[in-house]
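Please see the structure below; I have some questions.
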Amino acid sequence: MAAKFSTGLDIHCSIPYTSDTKLLYGSSSSSTKSSRLSLKRFTILCNSTSKSPKPNLDLDSSKKKPSLSEQLKPLSNTILDDPPNQARILSKPKSTWVNPTRPKPSVLSLQRQKRSTYSYNPQIRDLKNFARRLSESHFSDDAFLAVLEDIPHPPTRDNALLVLNSLRPWQKTIFFFNWIKTRNLFPLETIFYNVAMKSLRFGRQFQQIEELAFEMIDSGIELDNITYSTIITCAKRCNLFDKAVEWFERMYKTGLMPDEVTYSAVLDVYAQLGKVEEVMSLYERGRASGWTPDPVAFAVLAKVFGAAGDYDGIRFVLQEMKALEVQPNLVVYNTLLEAMGKAGKPGLARSLFEEMVDSGVTPDAKTLTALIKIYGKARWARDALDLWERMKSNGWPMDFILYNTLLSMCADLGLEEVAETLFHDMRKSDNCRLDSWSYTAMLNIYGSVGNAEKAMALFEEMSRVGIELNVMGCTCLVQCFGRAQRIDDLVKVFEVSVQRGVRPDDRLCGCLLSVVSYCKGDDADKVLACLQQANPRLVTFVKMLEDESTSYDIVKEEFRSILTNTSDDARRPFCNCLIDICRKRNRAERAHELLYLGTVYGLYPGLHTKTPEEWRLNVRALSVGAAQTAFEEWMRTLAKIVQSEEPLPEVLSANTGAGTHKFSQGLANAFASHVEKLAAPFKQSEEKAGFFIATREDVVSWVQSKAAATA
DNA sequence: GTAGGGTTAG
């Protein structure tokens with residue numbers, strides 16, 4: 001594992017735009033009492049088990065959602081356990097249920113609502129043209145009204161419905177709806193409301209939909225499953241999830257059973273909220289009612305497990321479909337592939353894709369986008385390139401999102417030339433255009449290979465063709481010019497970006513901080529001046545670290561406070577860079593303090609792992625300076641263990657990672673020279689790349705000889 | 001978009 005776009009020293013300090021955040025930044029979790037641990041001992045290294053230490057930063061308490069069971073309560077208490085009698089009768093018309101004291105719970109109707117069939121309307125052509133003319137025009141209300149009077153055929157029920165269905169946007173649909181209502185030519189049935197609501201849904205006009213629904217209730221017009229599912233999905237699209245649930249509950253209360261369409265719409269409401277338990281509860285209640293879910297419902301299930309990165313859940317979906325003999329369709333496959341990616345299972349995604357192709361389902365651009373993204377993230381260059389070849393030779397569909405994903409994949413894999421070919425193809429192509437994603441992906445690549453000339457040329461081209469630089473592009477350029485020591489260019493890009501409205505985020509700040517860590521004198525001051533605009537507290541903290549008189553307690557409090565206000569994925573990079581800065585400015589002990597705090601705050605889970613046979617220091621997610629600091633710390637601890645004659649395992653190892661990324665092989669080399677400088681008895685493994693190994697005897701005799709030398 | 005549900009990018 002390695003950072004995506006870094007060479008040499010700063011590979012883990014800059015904040016690369018990798019999708020690999022789980023590996024790179026680690027997950028944070030909570031709580032070791034830092035205040036009770038003695039700073040001097042740093043015992044955390046050898047006391048920690050393979051379990052991640054839990055940081056005691058309660059950083060996200062304000063965002064806490066109600067518990068899952070709390071959220072499910074309204075459904076389970078008010079509805080699902082107590083379905084109205086009428087509904088129960090509807091859902092099981094031929095039931096031979098004999099135990100009336102324990103009615104079989106039923107939560108959905110197994111019959112889908114029947115749609116009325118259209119009778120052929122010979123005037124369809126004229127009316128559609130009429131509707132299209134109205135839709136495309138820009139009339140005032142009066143003019144619109146005048147044109148309506150010229151409707152080519154009398155506004156009978158069927159004619160009016162046809163026009164209503166073809167009008168857009170929603171303002172015109174509603175205008176026409178009100179027009180037929182005031183003319184009072186025929187009673188407005190449910191279907192008229194449903195059609196009007198659908199148009200409102202396109203315009204995301206939930207409030208108006210709700211008003212129409214109340215109007216139906218007031219006038220005694222029946223709300224059916226189509227009405228409810230339209231209301232619910234509109235609420236969902238407007239992010240009004242409580243409204244979606246409210247209308248679902250209202251439906252049961254009026255004695256109407258949802259059919260499977262409404263039911264999966266609600267499943268999706270919970271899926272979008274990430275409420276896995278609720279989705280499963282609804283799903284199981286549906287199954288218990290005799291429901292065989294269709295592919296749409298399975299796509300919802302796959303989505304919710306994908307979002308949670310829950311591989312067992314994904315397997316469950318596959319098993320259920322197999323058991324119920326439901327054949328996955330394209331969307332289900334796409335969703336499952338996405339889910340496999342989120343669960344970090346590239347191999348399973350690959351075999352699922354082959355299964356899909358074998359079963360005769362032709363992949364579309366979304367399928368290929370999902371898969372290319374997975375291969376890029378997994379750094380599976382061969383599979384990614386093979387797939388690209390297959391796409392070309394099979395003529396599988398491409399779109400601009402797929403092109404941009406291919407570019408990002410190239411960035412993940414360091415495929416500069418392939419990316420340039422793709423970029424060139426897109427430039428020539430008629431059906432896709434280079435957009436800010438494409439340019440940003442290229443900046444990412446040039447930033448990673450350190451090609452400052454090409455990055456600058458691209459930056460200038462963007463200004464010329466009017467594509468705005470976003471915060472990611474800015475970060476890539478800062479990284480690129482920082483590494484090339486073109487600090488004046490860096491400052492210029494930063495200033496221009498801020499002027500054009502880029503709001504620096506934590507990743508950009510981390511990137512600036514990493515440049516500070518390897519710059520000197522004037523250059524460092526120039527970069528700090530940029531950082532001052534973006535995050536003044538960080539600059540103050542850097543100055544505090546440099547000042548010998550700052551006490552540990554103050555460092556601890558200020559660091560904690562800074563981390564609290566830093567997004568999760570930028571915390572470890574911040575800590576890495578700050579450690580590097582301390583080491584570069586001869587504040588080695590300060591570096592040890594920061595590493596200790598970082599460990600306590602959960603930024604380095606699994607830094608030290610123990611088995612009875614082997615203790616291992618895992619520094620793959622550390623910057624060079626942090627890795628050196630951690631190694632020194634470990635040696636101190638091991639020395640104490642030897643001196644106090646406590647037991648050691650047979651093998652001690654340090655893992656720097658092999659640097660599978662083309663641009664990131666710096667850590668192992670830097671680590672090797674540090675080991676050499678300390679004359680520590682660790683040897684780089686020949687079989688296992690990225691491992692440094694010592695035996696217990698090596699370590700014991702090394703400690704003893706050092707002790708003898710200083711005695 | 002032909003009255004209702006599900007899938008694509010740092």
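Since this is a predicted model, take the numbers as computed values, not measurements. What's counted below: heavy atoms across the whole structure, side chains too, no hydrogens, waters or symmetry copies. The sequence lines fix the lettering, A, B, ..., with proteins before strands; numbering per chain opens at 1.
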_For atom OH of A/Tyr263 and atom C1' of B/dG5, their distance in whole Å_ = 14 Å

*Candidate list A/Val357, A/Leu337, A/Ile314, test side chain to side chain contact (heavy atoms under 4.5 Å, CB included), partner A/Leu352, passing option*: A/Leu337

_Students often get this wrong, so: under 4.0 angstrom with heavy atoms, is A/Thr262 touching a base, only sugar-phosphate, or nothing?_
base

*Kindly say if A/Arg115 contacts the phosphate of B/dA3, meaning a side-chain N or O under 4.0 Å from OP1 or OP2.*
yes

*Under 4.0 angstrom, heavy atoms only, what part of the nucleic acid is A/Tyr228 near: base, sugar-phosphate, or nothing?*
nothing

*Ignoring hydrogens and angles, answer whether the base of B/dG5 and the side-chain atoms of A/Arg112 contain a donor-acceptor pair closer than 3.5 Å.*
yes

*Side chain of A/Asn329 (C-beta onward), nearest among B/dG6, B/dG4, B/dA3*: B/dG6

*Could you give the CZ-to-P distance, from A/Arg201 to B/dG4, as a whole number of Å?*
7 Å

*Looking at the side chain of A/Pro295, which of B/dG6, B/dG4, B/dG10 is the nearest nucleotide?*
B/dG6

*Atom OH of A/Tyr403 and atom P of B/dG10: how far apart are they, to the nearest Å?*
19 Å

*C1' spacing across the pair B/dT7 / B/dA3, given as an integer number of angstrom*: 23 Å

*Cationic N near anionic O, under 4.0 Å, A/Glu284 to A/Arg287*: no

*Taking the six-membered ring of A/Tyr311, is NZ or CZ of A/Lys345 closer than 6.0 Å to its centre and within 45° of its axis?*
yes

*For atom CG of A/Leu162 and atom P of B/dA3, their distance in whole Å*: 9 Å

_So A/Thr190, base contact, sugar-phosphate only, or nothing? Heavy-atom distance under 4.0 Å._
nothing

*Whole-Å distance between B/dT7 C1' and A/Met321 CE?*
13 Å

*Side chain of A/Val331 (C-beta onward), nearest among B/dA9, B/dA3, B/dT7*: B/dT7

*From B/dT7, B/dG5, B/dA3, nucleotide with atom closest to A/Ile191 side chain*: B/dA3

*Could you check whether A/Phe192 gets within reach of a base, just the sugar-phosphate, or nothing at all, counting any heavy atom under 4.0 Å?*
nothing

*Describe, in one word, how the ring planes of A/Phe316 and A/Tyr283 are oriented to each other, choosing from parallel (under 30°), tilted (30 to 60°) and perpendicular (over 60°).*
perpendicular

*Flag the pair A/Lys342 and A/Glu338 as a salt bridge only when some basic side-chain nitrogen lies within less than 4.0 angstrom of an acidic carboxylate oxygen.*
yes

_Span that lies between the C1' atom of B/dG5 and that of B/dG1, in whole angstrom_ = 15 Å

*Would you classify A/Asp268 as touching base, sugar-phosphate or nothing, given that sugar-phosphate means primed atoms plus P, OP1 and OP2, and contacts are heavy atoms under 4.0 Å?*
sugar-phosphate

*Is A/Asn165 side chain donor-acceptor paired with the B/dG1 base, going by distance under 3.5 Å alone?*
no

*A/Met442 side chain near A/Glu461 side chain, heavy-atom distance below 4.5 Å*: no

*Picking from B/dG6, B/dG5, B/dT7, which would you name as closest to the side chain of A/Val332?*
B/dG6

*asked:* Whether the side chain of A/Asn404 and the base of B/dG10 hold a donor-acceptor pair under 3.5 Å is what I'd like checked.
replied: no

_What contact category does A/Lys236 fall into here, base, sugar-phosphate, or nothing, at under 4.0 angstrom with non-hydrogen atoms?_
sugar-phosphate

*Between atom CG in A/Leu108 and atom P in B/dG5, what is the gap in whole Å?*
17 Å

_Residue A/Asn470, side-chain atoms from C-beta onward, closest of B/dG10, B/dG5, B/dT7_ = B/dG10

*When you measure from the side chain of A/Arg237, which nucleotide among B/dG6, B/dG4, B/dA3 comes out closest?*
B/dG6

*Which listed nucleotide (B/dG5, B/dG1, B/dA9) is nearest to the side chain of A/Thr405?*
B/dA9

*Sequence neighbours left out, what passes side chain to side chain donor-acceptor pair (under 3.5 Å) with A/Gln113? Give chain and number order.*
A/Asp224

*Report yes if a donor N or O on one partner sits less than 3.5 Å from an acceptor N or O on the other, where the partners are the side chain of A/Asn334 and the base of B/dG6; otherwise report no.*
no

*Atom-to-atom span, CD1 of A/Ile374 to P of B/dA9 - whole angstrom*: 11 Å

*asked:* If you only use heavy atoms from C-beta on, which nucleotide in B/dG6, B/dT2, B/dG10 is closest to the side chain of A/Lys373?
replied: B/dG10

*Out of B/dG10, B/dG5, B/dA3, which has the shortest distance to the side chain of A/Trp437?*
B/dG10

_Is it the case that the base of B/dT2 and the side chain of A/Lys198 share a donor-acceptor contact (distance under 3.5 Å, atom types as modelled)?_
no

*Results of side chain to side chain contact (heavy atoms under 4.5 Å, CB included) for A/Ser497 - residues two or more places apart only*: A/Leu469, A/Cys474, A/Val493, A/Val502

_What I want to check is whether an N or O donor and acceptor connect the side chain of A/Ser264 with the base of B/dG5 at under 3.5 Å._
yes

*How far, in whole Å, is B/dT2 from B/dG6 if one measures between their P atoms?*
14 Å

*What does A/Thr440 touch in the nucleic acid at a heavy-atom separation under 4.0 angstrom: a base, only the sugar-phosphate, or nothing?*
base

*asked:* Rounding to an integer number of Å, can you tell me how far A/Phe400 CZ sits from B/dT8 P?
replied: 14 Å

